[in-house]
Protein chains: 2
Amino acid sequence: MSGYFGAGTRAPESELEIIMSDMPSCQFESRPRRIVIGSGGVQADFCTNCSVRPTSVCSVIEPSDISRLAEVAVETIVSPGRGFIEEGAPATDFFNVTSGTVKLFKALPDGRRQITGFAAPGHFLGLAVSDSYAFGAEAIDTVRVCRFSREKMGELLDDFPKLERRLLEEASNELVAAQNQMLLLGRKTARERVASFLLDQMQAGLLPGQPPPSGGRLHLPMTRGDIADYLGLTIETVSRTLSWMRGQGMIEVGKGYAITIVSTAKLEVLAAGNS
Amino acid sequence: MSGYFGAGTRAPESELEIIMSDMPSCQFESRPRRIVIGSGGVQADFCTNCSVRPTSVCSVIEPSDISRLAEVAVETIVSPGRGFIEEGAPATDFFNVTSGTVKLFKALPDGRRQITGFAAPGHFLGLAVSDSYAFGAEAIDTVRVCRFSREKMGELLDDFPKLERRLLEEASNELVAAQNQMLLLGRKTARERVASFLLDQMQAGLLPGQPPPSGGRLHLPMTRGDIADYLGLTIETVSRTLSWMRGQGMIEVGKGYAITIVSTAKLEVLAAGNS
DNA sequence: CTGATGGGTTGATGTAAATCAATGCGGTCA
DNA sequence: TGACCGCATTGATTTACATCAACCCATCAG
C-alpha cells in the first residue's frame, strides 16, 4: 500500500508509436489490434494545443512548465471496442481521455458485468490504488488518450504540488458520482434509473469540453447493452423503459444513438423517485 | 468547484465542549441531543496518544509537528443513532473516526435509503467535494470523531504536502471500494451480496486498528436494516439469507450482533458468483 | 443478391426478491 | 407487572424485472 506512485516497472517505450499488442493490459483483446499513434511528445505544443487541457488535471501545470508535461505524455489512439486497461493486470499507467468515450467496468467470473462509469474527454483514469487495476477500460467509439507511466507521474507530482490537489479533487468528484450510482443501483426502480441516466447524460453534455446538446438532443455513444450494464438492468428492460418513456411523451427515440429529451420536468419527477 | 479547501465559513468554536444542536448538520436529529465532549486539543499528547493515528491520515504528520494537528482537531463523542453529517447541509468540517462505527448514506425523497459505506476507526470522512455534503453520517454505536474545520484543514494541507498525498490514497481506496459495491449492487444475487458482505467484514476486522476476530467470530454493530440498506435488499431477505446460510453450515448466527463464519471457503464460492 | 451478424424492439413466461403479515423476544418505561 | 417498542425471524402472496423467444432492420462479406 505504500509506494503509491513511482512504483511502476514499465520498460521505456517509443515516444512515437506503440503496438497495442505489446501492452500487457490488452492481452484479453481478441480482435485485430493494430493501433494508430499520434505524433509523440517531441514538440512542446503537443500539450499546449490539447483540446482538453483547460478542463483536465493538466490545467494546473503552468504554460512555462508545459514541456515537462509533454515529455512524459504519450498520445494513443484506441479504436472502437478495444480494451486498454484490463481488470487485475499490473497497473503501469495513468490515462487522460482527450477525445471519445470510454467505458469502465468490473466483471464476475461468469461474465456478469457492471459498468462503473463512462469517461468523457478530460477524465483522468487509473486513480484506483494498488499494484493492479481494479477495473477494465474499453473504448466505445474512437478514443484518444494521453498515457503517463506511474513512475513519471510520481515525479510530476513531486514537482507540481498543485497537480496532487487537482487529482484529489478529481477523486472526490468520482466518489460523489459513485455514491449517487450506489443509490441508483441499490434503491431505484428501472424507470428511475433510466430517467436518472438520461438527465446525467444531458448534464454531462452541458459541461465545458463537451459538444453542447441543443434542444435536449443527446447522442449516446454506448449501446443498449452498455446502458443496461451501467444501470444494473437487462437490455430488454432498458429498451422497454425507453419505449414507455416515448409513449409518455418524455423522450423521442431516434435512429441509431440519438435520443431527444422532450420533457426534462417529467424525467426529473421520475428520477427523484416517483414510480 | 474551485475553493476546494479553506472555503469554510464556520465560526470559531470552543475547543472544549460542543453541543450538537448548535451544529447545522444535526438539525434533522429529533432525539435529545446532549453530547459529551472529550478534553480538547489543549495538550499536545491529545494526538500523540491517539489510538488510530498510526493507521489514519494523521500518521503522515511528524511527531515534531503534532501540536499543529492537535490545535485544529476537536474531539467529539456521538451517541448511538445520532447523526452528525446531514446530506445536503453546508460542508463545514472533515472528520476522522477514532472509535465506534459510522454509517454513511444517501436517501431518496420518499425515504428509500442506501448506505454507501461503514466507517471504522481511522476512516476519514467528508472528502466528497462541493459546498455541501453529498451524504449523511450517523453513529451506529458510540462513536468518537476528530473534527477539523475545512478552513483549518486547508492550512494543514498547504503546510504538509504529505497529507495531501495521503488523502489521495484514502480517496483512491474509497473509490475501489465503491466500484466493488457497484458490482455487488448491480449484478450480484442476494446470497452473493450477503456472502460478500460477511467476507468484507471479516477482512475489515483483520486490518490494524480493529479488534482481531478470533475463529471467524464477527461482531457486527449494525442492525439487519442497516445491512439491508447497504446491500440494496430488504430486512426480510437479509434475515432469510442468513438463515439459509446457517442451514448450509456456512455460518452460525448468535444472539444480538454476533455472527460466526464457519466456512470461509463456502462463502467465497458464493461471493465469487456461484448461485 | 444472399446469408450472416450485431443491435434493437416487443411479447410470453418464469422467478428472485419485495411486500404483506404474523409471531417472538429482549429492553425500558410507567 | 404489563404495555410498548425496536429488532428479528418466518410464512404467504405479489410483482418488477429477468429470461426465453421471435422478429425487424442495418451493415457487410462473398
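Reckoned from all heavy atoms, side chains included, excluding hydrogens, waters and symmetry mates. Chain identifiers are assigned alphabetically (A, B, ...) following the order of the sequence lines, protein sequences preceding nucleic acid strands; residue numbering begins at 1 within each chain.
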Would you mind reading off the distance between Ile235(A) atom CD1 and dG6(C) atom P, rounded to a whole angstrom? 13 Å
Please determine whether a side-chain nitrogen or oxygen atom of Ser243(B) lies at a distance below 4.0 Å from atom OP1 or OP2 of dT10(D). yes
Between dT9(D), dC17(D), dA8(D), which nucleotide has the shortest distance from any of its atoms to the side chain of Thr189(A)? dC17(D)
Reckon Gly225(B) touches a base, only the sugar-phosphate, or nothing at all at heavy-atom distances under 4.0 Å? sugar-phosphate
When you measure only distances, ignoring hydrogens and angles, does the side chain of Arg240(B) come within 3.5 Å of the base of dG11(D) through a donor and an acceptor? yes
Under 6.0 Å between the ring centres of Phe105(B) and Phe135(B)? no
Heavy-atom closest contact (Ile115(B) atom, Asp226(B) atom, distance): CD1-O, 3.4 Å
Taking dT9(C), dC7(D), dG7(C) as options, the one with an atom nearest any side-chain atom of Thr223(B) is dC7(D)
Pair Phe84(B) + Phe95(B): ring centers closer than 6.0 Å: yes
What nucleotide, of dG26(C), dA17(C), dT9(D), holds the atom closest to the side chain of Val253(B)? dT9(D)
Could you check which of dT10(C), dT9(D), dA18(C) has an atom nearest any side-chain atom of Thr234(B)? dA18(C)
Tell me whether the count of non-hydrogen atoms from other residues, nucleotides or ligands lying under 6.0 Å of CD in Gln203(B) goes above 12. no
Hey, is the side chain of Arg193(A) poking within less than 4.0 Å of OP1 or OP2 on dA16(D), counting only N and O atoms? no
